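The structure appears below as structure tokens.
Remember, it's 1-based here, ligands and their atoms both numbered in the order they're listed. Source: prediction; values computed, not measured. No hydrogens, no waters, no symmetry mates; every other heavy atom, side chains included, goes into these values.
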Amino acid sequence: MSNPYHPVVPPAQTPNRDLLQLEVMGDDQATIDEINQLRKEKNAVILAHNYQRPEVQAIADYVGDSLGLSRQAAATAADVIVFAGVHFMAETAAILNPDKTVLLPDLRAGCSLADTITAQALRTWKENHPGGLVVTYVNTTADVKAESDYCCTSGNAVAVVESLPKDAPVLFAPDRFLAAHVMRHTGRHMDVWQGACHVHEAIRPEDIAHQQRQYPDAELLIHPECGCSSKILALYPELELYSTEGMVHRAQQSSADQFIVVTETGMVTRLQHDVPDKEFIPVSRTACCEYMKMITLTNILHSLRTLTPRVTVPEDIRVRALRPIKRMVKLG
Ligand code: 13P
Ligand code: SF4
């Protein structure tokens, strides 16, 4: 059966995708002071993804990858969760915490990868593959998760697939590049939804080669969502791919002093913060997720003042989506 990939063109009116333009937004001390005061008064926690703007990462209570953020959301004692990330991440927090107020400071912060599959399309795919176990990447909507048996992130996708009964057919959605990474590691065949993230898909082997010419001793840190990963692995078969959190651990352990960071540009901020004595070079200044960059100090402050915009999930979907999410949080 066909599972057409419908690329979602990012909205025309988006913030500038150039890293340097993003940095000029800077911090405003009065804004930061009020955010700090309100987060205390309202018992709020600010959770930020590794791709967030530098000034947002700087004020967050926790900065991490999708798996770490889900675990923080599951464990927090705060009454209010301000999610500095994209919509599916806030939804996951809301599914784990139905009694807390989950805020996404800009509701336009979506995800082109999550938009490549709908619950109806997944139901049809399942009908055409009876008996298949459905593993979906966390980058999906709540109603897609509700149709899934397991969720995973790039940090534990291999562990999740390895935990499944050996003879069960697996339907893996929606990222085809992450699926290829999982199949390489597990040696297991899977039926794969042909989705991709527009940022990672656009990173070309030529972008890596260009940076390697400037920094010949730099080690490559490549995310498994990248469209270029198979071509690069053909050149360097020993290379590992890393989730964003995996990149931090690798940079800490490696003997290299310079790294070419082959993922969204925000990751450079996180790496430079956690591993300050080493140098991190973005693979391309335009590998920038405009959805992630929609969250700013200004809209975080507005969210904390007004406790809006709130992300909620209808109870019937939440209950069904909770099971695959709980399995994901436990594994890997
Ligand atoms: P991780 O942080 O889980 O590696 O995911 C990357 C990503 O694209 C999130 O949208
Ligand atoms: Fe989605 Fe790609 Fe942006 Fe991650 S980087 S939030 S996968 S569009």
Among protein heavy atoms, which sits nearest to [atom], and what does the distance come to when rounded to 0.1 Å?
atom: atom 10 (O) of ligand 1; result: Asn139 ND2, 3.3 Å
atom: atom 3 (O) of ligand 1; result: Ser66 OG, 3.0 Å
atom: atom 8 (O) of ligand 1; result: Glu225 OE2, 3.2 Å
atom: atom 6 (C) of ligand 1; result: Tyr51 OH, 3.3 Å

### Query
Roughly how far, to the nearest 0.5 Å, is CZ of Arg310 from OG1 of Thr101?
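Answer for the OG1-CZ pair, Thr101 versus Arg310, is 4.0 Å.
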### Query
Roughly how far, to the nearest 0.5 Å, is the NZ atom of Lys145 from the OG1 atom of Thr92?
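Rounded to the nearest 0.5 Å, the OG1-NZ separation comes out at 3.5 Å.
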If I apply the N/O under 3.5 Å rule, does [X] come out as touching ligand 1?
X: Ser154; result: yes
X: His49; result: yes
X: Thr244; result: yes

### Query
Counting each atom of ligand 1 from 1 as listed, which ones have a heavy atom of Asp65 under 4.0 Å away?
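By the 4.0 Å cutoff, the relevant atoms are 1 (P), 2 (O), 3 (O).
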#### Entry: Element-labelled atoms of ligand 1 that are located less than 4.0 Å from some non-hydrogen atom of Ser243
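Once the distances to Ser243 are compared, the set is 4 (O).
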Between [X] and [Y], does at least one N-O distance fall below 4.0 Å, as a salt bridge requires?
X: Lys293; Y: Glu264; value: yes
X: Asp149; Y: Arg327; value: no
X: Arg108; Y: Glu290; value: no
X: Glu147; Y: Arg320; value: yes

### Message
Please check this pair: side chain of Thr76 against backbone of Ala73, looking for a donor-acceptor N/O pair closer than 3.5 Å.
### Response
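No, the answer is negative, given that no donor and acceptor are paired below the 3.5 Å cut-off.
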### Task
Look at the side chain of Ser148 and the backbone N and O of Cys151, then say whether any donor-acceptor pair between them is shorter than 3.5 Å.
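Flag not set: sc Ser148 to bb Cys151 has no pair under 3.5 Å.
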For ligand 1, is [X] a contact, meaning one of its heavy atoms is under 4.0 Å away?
X: Met89; value: yes
X: His223; value: yes
X: Tyr291; value: no

### Message
As an exercise, identify every atom of ligand 2 less than 4.0 angstrom from a heavy atom of Glu225.
### Response
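So the answer, numbered in order with elements, is 7 (S).
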### Message
So, applying side chain to side chain donor-acceptor pair (under 3.5 Å) with Arg270, which one of His49, Glu245, Gln57 is it?
### Response
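When His49, Glu245, Gln57 are each tested with Arg270, the side chain to side chain donor-acceptor pair (under 3.5 Å) holds only for Glu245.
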### Polar side chain donor-acceptor pair, Asp65 to Thr244, under 3.5 angstrom
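Note: Asp65 and Thr244 side chains miss the donor-acceptor criterion.
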### Message
On a heavy-atom basis, which atom in Ser303 and which in Pro309 lie closest, and how many Å separate them?
### Response
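In terms of heavy atoms, the two residues are closest at OG-CD, 3.6 Å.
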### Message
If you compare all heavy atoms of Gln252 against all heavy atoms of Asp274, which two are closest, and at what distance to 0.1 Å?
### Response
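Gln252 and Asp274 have their closest heavy atoms at NE2-O, 4.1 Å.
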### Query
ligand 1 versus Tyr137, non-hydrogen atoms closer than 4.0 Å: side chain, backbone, both, neither?
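Side chain only.
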### Query
Would you call the rings of Trp125 and Trp193 parallel, tilted or perpendicular, where under 30° means parallel and over 60° means perpendicular?
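Perpendicular.
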### atom 1 (Fe) of ligand 2: protein N, O or S atoms that are less than 2.8 Å away, sorted by chain
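Those protein N, O or S atoms (cut-off: under 2.8 Å from atom 1 (Fe) of ligand 2) are Cys111 SG.
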